[in-house]
Amino acid sequence: MRVQKWLISKNSVNFLLKSKYVTILGSRLSSSDASKNVITAIYVDSEGNPSSEDPFDKQSKLSDQVKGSVKSFLKEKRVQIKPGTSKVLSWPSDVMPYKSISLAAVSKDNLNDPLVDLKREQIRLAYSSSIRTLSTMKETEVVVDSVGGQQQGEMGAVSEGCHLAAYNFDMYKAAKYKKPVMNLELLDESCAGRGDWMEGFVLADCQNMARTLTEMPSNLLTPEKFVEEVVNLFEQQKGDSEVELEIKIREEAWLREQQMNALLAVAQGSSQKPYLLELHLTHPKADKGVQPLVLVGKGVTFDSGGISIKPSKLMDVMRGDMGGAACVAATALGALRLNVCGRVVCLMGLVENMPSGDSFKPGDVIFSRSGHSIQVDNTDAEGRLVLADLLDYSEVWQPSAVVDVATLTLAVEVALGAAFTGVFTTTNKLFDLLRKSGSSTGDQVWRLPLSPLFTRQVSNSPLADLNNSPGLRGGGACTAAAFLSHFVKCPSWAHLDIGGVFENKNEVQYLSKGMSGRPTRTLIQFCRNYFSP
Ligand code: BES
Ligand code: ZN
Ligand code: ZN
């Protein structure tokens, strides 16, 4: 068995590290405040009328003079700002020490929703609205005022809203076409919410890294390049964490030794070599009595459908068919940066699905690592083949739980749109943890059924033990999950189908159009909750 560590050559280009979208500056406001734009929260009723008492948060670090002049302006002009939106005000510099002040409106009332922490979600929306407006105004210097009077962790949501909205994917554009980088800093670096702000930055930054990986085109992000990018990124980070990191890069010969023939069948039509990237994270203080959590990601760097080729309309977005692997890598990065106190093993299966004279074909029978034979009825149902071998391999660690993340089906988008990640799980405990994590991040999950009614369908194959595409009319996401269940031995398993959420068309307002990096923040919170319930 060949294990390679730090395969990267010195002169390899690392795009991710080059693309710095946001910087956090440590300095406090100085005499140059007049060139900066400040964002602060104001509390409003459902119509957008500022609270008649004091619309500012108690934690606000703005001077009484500034607050007073904003208040009288709002009153005089009868300004309304609906919760979750924002408004920019500008004054001549002798009255206002900043270039502009953006008011991010948050509801003054307590908000209750059984599914999601609406307060935090509204904060993300309001602050992202401020950032978007300032970005349209070509402003780059932004200072963020403190909030947190009513609920702990609000500065985390502020930070997420700002840093997610400030992201922009333009690394292949010439300088003159790039949007200027936005510099975000705290108005008061020593404020009580600074820890939450930094944590929110890590969550958003990891999601942004998943967005970048997913957005990168498949000619530039081949399976090998994915490995290079992720390894380089972790190499930069590993010294700063208490968590010990080991990286293993498994190449084709090793995959053959392991008889990962289902994964290899998908890769065989492409000239790009397949890889399995393993990240092993161990916190020295992790409870030795708790077996590791294994995260598995589908990393199809391009899914043309293979011989069962996709219609051309749907094809370009399939450069993002490695969104599951990107999300797993980003989650591992988050766990590392936030010092998650546990053991996490990440497995990312990286292949390209292409039609060629060497491709696997409909009607082929392949023999997976687990010993199950699989009849391939549709080469476009390739993700479940990649995951089949990885899920079987995950048993090597006798894990306490296995969670896989995959752009597995279009059918999940039919069921849930872009609102929720579909989760199929064998245990209520895993679901509760995922639901709780999604409720706090706003990137939510919805449970769908694992049932023998579907399991039977995928074992109905004339040629083999299983059929990768039983060709039923409905329940495509459920039959895909049922197929995977045949390869899972761990009693605690969750499968996240992100086919509906990996791309943002316009559904989530604090993310721009393009690859979403979802549900990275939810998975990072899940890892934290898993080891420290
Ligand atoms: N990667 C796709 C699923 C997908 C497509 C997700 C577009 C998001 C957007 C997957 O490999 C696939 O092609 N699935 C097929 C399965 C079918 C052939 C049984 C699907 O969902 O149509
Ligand atoms: Zn496919
Ligand atoms: Zn696919």
Side-chain angles (χ1 to χ4, degrees), residues 214-215 218 221 223 226 262-263 265-267 269-270 272 274 296-327 348-355 359-364 374-388 390 404-422 424 448 454 457-458 460-461 466-484 495-505 507 514-519:
T214 315
E215 198 72 75
S218 64
L221 196 81
F226 181 102
L263 183 150
V266 178
S270 168
Q272 299 297 334
V296 177
K298 169 179 170 182
V300 178
T301 57
F302 187 68
D303 179 14
S304 65
I307 297 296
S308 317
I309 199 155
K310 283 184 183 294
S312 47
K313 214 175 127 212
L314 267 185
M315 248 199 228
D316 74 302
V317 82
M318 283 295 99
R319 70 185 183 281
D321 208 21
M322 29 54 69
C327 185
M348 286 152 275
L350 299 151
V351 294
E352 192 181 57
N353 186 21
M354 294 293 278
S359 293
F360 72 140
K361 304 170 291 295
D364 283 2
I374 305 167
Q375 176 178 339
V376 178
D377 266 359
N378 191 322
T379 62
D380 198 10
E382 85 299 339
R384 63 198 77 183
L385 301 175
V386 174
L387 291 181
L390 297 186
D404 74 74
V405 194
T407 46
L408 207 63
T409 67
L410 254 183
V412 76
E413 193 186 19
V414 177
L416 302 173
F420 296 83
T421 291
F424 299 81
L448 293 169
F454 297 110
Q457 311 285 355
V458 288
N460 178 15
S461 159
L466 297 169
N467 183 328
N468 82 328
S469 172
L472 301 166
R473 274 193 60 213
C478 305
T479 38
F483 180 89
L484 297 181
H495 156 58
L496 271 56
D497 193 336
I498 60 167
V501 302
F502 79 113
E503 191 196 7
N504 191 48
K505 296 190 187 88
E507 299 86 350
M515 299 302 175
S516 70
R518 289 171 70 190

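Heavy-atom basis, side chains included; hydrogens, waters and symmetry copies ignored. Here, residue 1 is the first one in the sequence, and each next residue gets the next number. One-based numbering, in listed order, for ligands and for the atoms of each.
- Under a 4.0 angstrom heavy-atom cut-off, L408 registers as being in contact with ligand 1.
- At least one N or O atom of E382 sits closer than 3.5 Å to an N or O atom of ligand 1.
- Taking a cut-off of under 4.0 Å to the non-hydrogen atoms of N378, the atoms of ligand 1 that pass are 18 (C).
- At least one heavy atom of T407 sits less than 4.0 Å from an atom of ligand 1.
- The side chain of D303, and not its backbone, has at least one atom closer than 4.0 Å to an atom of ligand 1 (non-hydrogen atoms only; side chain from C-beta on).
- Of all the heavy atoms of E413, none lies under 4.0 Å from any atom of ligand 1, so neither backbone nor side chain is involved.
- Around the Zn ion (ligand 2), protein atoms of type N, O or S found under 2.8 Å number 4.
- Listed by chain and residue number, Q272, E352, M354 satisfy the side chain to side chain contact (heavy atoms under 4.5 Å, CB included) test with S270 (two or more places apart in sequence, or in another chain).
- Of the protein's non-hydrogen atoms, D321 OD1, 2.8 Å is the one closest to atom 1 (N) of ligand 1.
- Applying the side chain to side chain contact (heavy atoms under 4.5 Å, CB included) test to V501 and every residue at least two apart in sequence or in another chain returns T421, I498, R518.
- Here the protein heavy atom with the shortest distance to atom 15 (C) of ligand 1 is D380 O, 4.2 Å.
- In this structure, G476 falls outside the shell of residues with a heavy atom less than 4.0 angstrom from ligand 1.
- When the side chain to side chain contact (heavy atoms under 4.5 Å, CB included) test is applied to K505, the partners found at least two apart in sequence or on another chain are E413, E503, E507.
- Given atom 21 (O) of ligand 1, the protein heavy atom at minimum distance is L410 N, 2.8 Å.
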